[in-house]
Protein chains: 2
Amino acid sequence: MATINDIAKLAKVSKATVSKVINQHPGVKEETKKKVLRIMKQNNYWPNSVARSLSTHKSYTIGIFDPGRLNNFFFREVFEGIERVCGDKGYDILYFTDKKWDGSWVDFGYTEISKNRSVDGVIMMGFGRVETSKFDALLASDMPTVFIDLDLVGKNASYVTSDNFNGAKTAVRYLCQLGHEKIAMITGPNGFKVARERFSGFQSVLDEFEISYNPDWVFYCQYQLEAGYEAMKKILKMREKPTAIFAEDILAIGAIRAIRDHGFSVPEDFSIIGFDDIELSEHYDLTTIRQDKYMLGVSAAELVLKIINKKNSAPVILKTGLVKRATCRRITG
Amino acid sequence: MATINDIAKLAKVSKATVSKVINQHPGVKEETKKKVLRIMKQNNYWPNSVARSLSTHKSYTIGIFDPGRLNNFFFREVFEGIERVCGDKGYDILYFTDKKWDGSWVDFGYTEISKNRSVDGVIMMGFGRVETSKFDALLASDMPTVFIDLDLVGKNASYVTSDNFNGAKTAVRYLCQLGHEKIAMITGPNGFKVARERFSGFQSVLDEFEISYNPDWVFYCQYQLEAGYEAMKKILKMREKPTAIFAEDILAIGAIRAIRDHGFSVPEDFSIIGFDDIELSEHYDLTTIRQDKYMLGVSAAELVLKIINKKNSAPVILKTGLVKRATCRRITG
DNA sequence: GGCATCATGGAAACCGGTTTCCATACACTA
DNA sequence: TAGTGTATGGAAACCGGTTTCCATGATGCC
């Protein structure tokens, strides 16, 4: 590949001049510029972005950390949103893999990894649990950072999330308005921030409708279909059963399968409302609360670019919406 | 962040020595090495990978081009396979976004993009159609390259794919062995390489069983559920209908929905066999041919690393397997 | 015609590493 | 004691760009 020196020699100018042409700096005669551009084109020259990053400390790259693997049902859509925005602004995406540092002699945090790769900003996703101490250094650093679904802020850090609290309220309120008073919740692991918020929304609506809260009807489990299935099996064995269940989609689908496998049906015997609106949900005709995953990605990318450009960095909270399908029914009594 | 110069000064040695320590080169006294390592650790130093790439021409980064967006049902799994292998070997992944080059003054191909970013190798995926000319430069270059589902080879290029031909044969043979003689195929766009291979497998088994080929029973469409739905609607309107349908999963599922929406059922009225085994298929209890998407990613990454390390670069063809579920039945004719 | 001003382009330092090659010091041999 | 070999560490060039600052020549003005 041709380098800037080759081009300089061929054009009989200095590399400084070539650089000015590349970067459209003023102070180069039109004629000279034309000549340099022509030589560049003839030699199919494009500046080496690594060398450029080294001197400018700018790489046109956004890093992504996703060590917990963002929920499969989410990843592609969120990623696509990020990609769209980054692409439009000329950024590429560096996906940091989980690495085994064999006998690593240095403790290595997110800040070091990203600075060492010279990314211009990072998006942190797939961290479900709330243990923020490992982000302290990152938050204190000047690395532009956006968290997805973790409400952390810092000098150069902000976050993007869906309005889980109000989304959950919409869901549960919908059930209440259909006449349900015995409502169970199957949700994610207790330590998960999004799960907690949704649970708060759930409780808040129970209060609002003066429904007493029954802790036996709350199940915390991993975000896996089977876990929803098992939780529902427990419900089916209870003497006093709820009439409706609020559960994140993948768990809701597990529950639906358990219900069907045990000879009951939805919504006749149980009304089910989900949260997320993953792709599968449509196939189960699941009534649910939609999160806009694509927009989550778009917003995260836009926000990190704003922070990079020193624009405002206010957190973004995305609205959710009720998607009525076929798994909830009105009950009387 | 500390640089190699800072460390050198603090340790009262030259940067050359620090570099030797970092890279575990011989010729540094144990005592000196210890001291340097201690200083590095104290200052939380890690070498800047951009500077390093510039001088070594090695970046520990694998680039991914995916402009056509690898089928959503595939992406995450393939990506995860790639990630696992890359991570284990200390590589990160640079995802090249689709960029709009406003008034770009240079024609820009895959080779230039990857060289300019100094990736050590690239994986090309999501190119369904067979137009290979745009890969000519890449194939001729020395950039280690692996194609997924496109059988292109070059000095430093190879590919990974599933055995679509034999997979399709397994599918169709299974139908034949169940007694079906009237078999339709709903497949991807005509120009798609994988679709063509599967179609060849289909035809080959028809020959094998001496079943005459009926072109009216072959439908080419986009890989979208709705397209499968529409194709099936056409079949349902035919006077002489097939008894079985071979279709890629997403199309098969569209077909199943059409069948059900029109008052028929699977497998009573039609046997359906898919290809791919996407996540959805299990939920439809679809009998299908499984492609191991994760392994596709693993193999692609392993292969590109082999090429980088000048090991063999023989193409990898992954076996497929029949997954029997509930959408095919024996007929007696 | 002499001098200030401006447009243009180049020299050189720098970004943070790697690597080659040479200098030094010390030990060992003759 | 001089000569040779070996272990160790440093100087400097290099990777391919950017950027600052200065030199040069042309122009404008009095």
Side-chain angles (χ1 to χ4, degrees), chain A residues 1-37 39-40 43-61 90 106 112-120 142, chain B residues 1-37 39-40 43-61 90 106 112-120 142:
Chain A
M1 303 287 278
T3 72
I4 198 172
N5 285 304
D6 303 331
I7 301 301
K9 271 175 204 151
L10 290 170
K12 300 195 205 312
V13 297
S14 73
K15 54 195 274 199
T17 301
V18 177
S19 178
K20 283 172 192 164
V21 171
I22 293 171
N23 297 292
Q24 304 174 322
H25 284 199
V28 180
K29 216 197 314 180
E30 195 57 28
E31 190 189 325
T32 315
K33 188 188 289 183
K34 285 260 167 56
K35 182 175 60 179
V36 170
L37 286 173
I39 304 276
M40 290 202 293
N43 294 71
N44 203 22
Y45 167 79
W46 191 270
N48 178 304
S49 68
V50 172
R52 199 173 212 174
S53 297
L54 182 60
S55 65
T56 57
H57 298 282
K58 175 119 181 73
S59 62
Y60 281 93
T61 308
V106 125
E112 288 76 20
I113 297 181
S114 28
K115 291 215 167 178
N116 140 59
R117 280 283 192 178
S118 297
V119 297
D120 296 339
D142 55 357
Chain B
M1 302 288 279
T3 72
I4 199 172
N5 285 305
D6 302 331
I7 301 300
K9 271 175 203 150
L10 290 169
K12 300 196 206 314
V13 296
S14 73
K15 55 195 274 200
T17 301
V18 177
S19 178
K20 284 173 191 163
V21 171
I22 294 171
N23 297 292
Q24 305 174 322
H25 284 194
V28 181
K29 216 196 316 180
E30 195 58 28
E31 189 190 324
T32 315
K33 188 188 292 183
K34 285 259 168 58
K35 181 175 62 179
V36 171
L37 286 173
I39 304 276
M40 290 201 293
N43 293 71
N44 203 23
Y45 167 79
W46 192 270
N48 178 303
S49 68
V50 172
R52 201 174 212 173
S53 297
L54 182 59
S55 64
T56 59
H57 298 283
K58 173 119 183 73
S59 63
Y60 281 94
T61 308
V106 126
E112 288 76 19
I113 297 182
S114 28
K115 292 214 166 180
N116 141 59
R117 280 284 192 177
S118 296
V119 297
D120 297 339
D142 55 357

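Lettering of chains follows the sequences in order, A, B, ..., and the numbering in each one begins at 1. What you are looking at is a predicted structure, and each value in this text was computed from that prediction instead of being measured.
Rounding to whole angstrom units, NE2 of residue A/His57 and P of D/dG17 are separated by 17 Å. Taking atom CG of A/Asp6 as the reference point, atom C1' of D/dG16 lies 10 Å away to the nearest angstrom. Rounded to an integer number of Å, the gap from NZ of A/Lys115 to C1' of C/dC15 is 15 Å. Across the protein-nucleic acid pair, B/Leu54 atom CG and D/dC15 atom C1' stand 4 Å apart, rounded to whole Å. Look at CE on B/Met40: it is 11 Å from P on C/dG17, rounded to the nearest Å. Rounded to whole Å, atom P of D/dG16 lies 17 Å from atom CZ of B/Arg117. Atom pair B/Tyr45:OH and C/dG16:C1' shows a separation of 7 Å (rounding to whole Å applied). The separation between B/Ile7 atom CD1 and C/dT18 atom C1' is 17 Å, rounded to whole Å.
Using a 4.0 Å heavy-atom criterion, one finds that B/Ser19 contacts the bases of the nucleic acid, with or without backbone contacts as well.
Phosphate contact (OP1/OP2 of D/dT18, side-chain N/O of A/Arg52, threshold under 4.0 Å): present. Taking 4.0 angstrom as the limit, A/Asn23 places a side-chain polar atom (N or O) nearer than this to OP1 or OP2 of D/dT18.
With respect to the salt-bridge test (charged N to carboxylate O, under 4.0 angstrom), the residues A/Glu30 and A/Lys34 qualify.
Closest to the side chain of B/Ser55, out of D/dT18, C/dT19, C/dG16, is C/dG16. Of all nucleotides listed (C/dG17, D/dG17, D/dT19), D/dT19 comes nearest to the side chain of A/His25.
Remark: side-chain polar atoms of B/Asn48 are paired, donor with acceptor, to backbone N or O of B/Val50 under 3.5 angstrom. For the pair A/Ser59 (side chain) and A/Ser53 (backbone), a donor-acceptor distance under 3.5 Å is absent.
In this structure the side chain of B/Ile113 never reaches within 4.5 angstrom of the side chain of A/Trp46, judged on heavy atoms. In this structure, the side chains of B/Lys20 and B/Thr32 stay at 4.5 Å or more apart for every pair of heavy atoms.
Residues passing the salt bridge (charged side-chain N to carboxylate O under 4.0 Å, His left out) test with B/Arg117, sequence neighbours excluded: A/Asp92.
Between the side chains of A/Arg52 and A/Asn23, at least one donor N or O sits under 3.5 Å from an acceptor N or O.
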Report summary line: Letter by letter from the 5' end, nucleotides 6-13 of chain C scores (B base, S sugar-phosphate only, - none; protein heavy atoms under 4.0 Å) --SBBB--
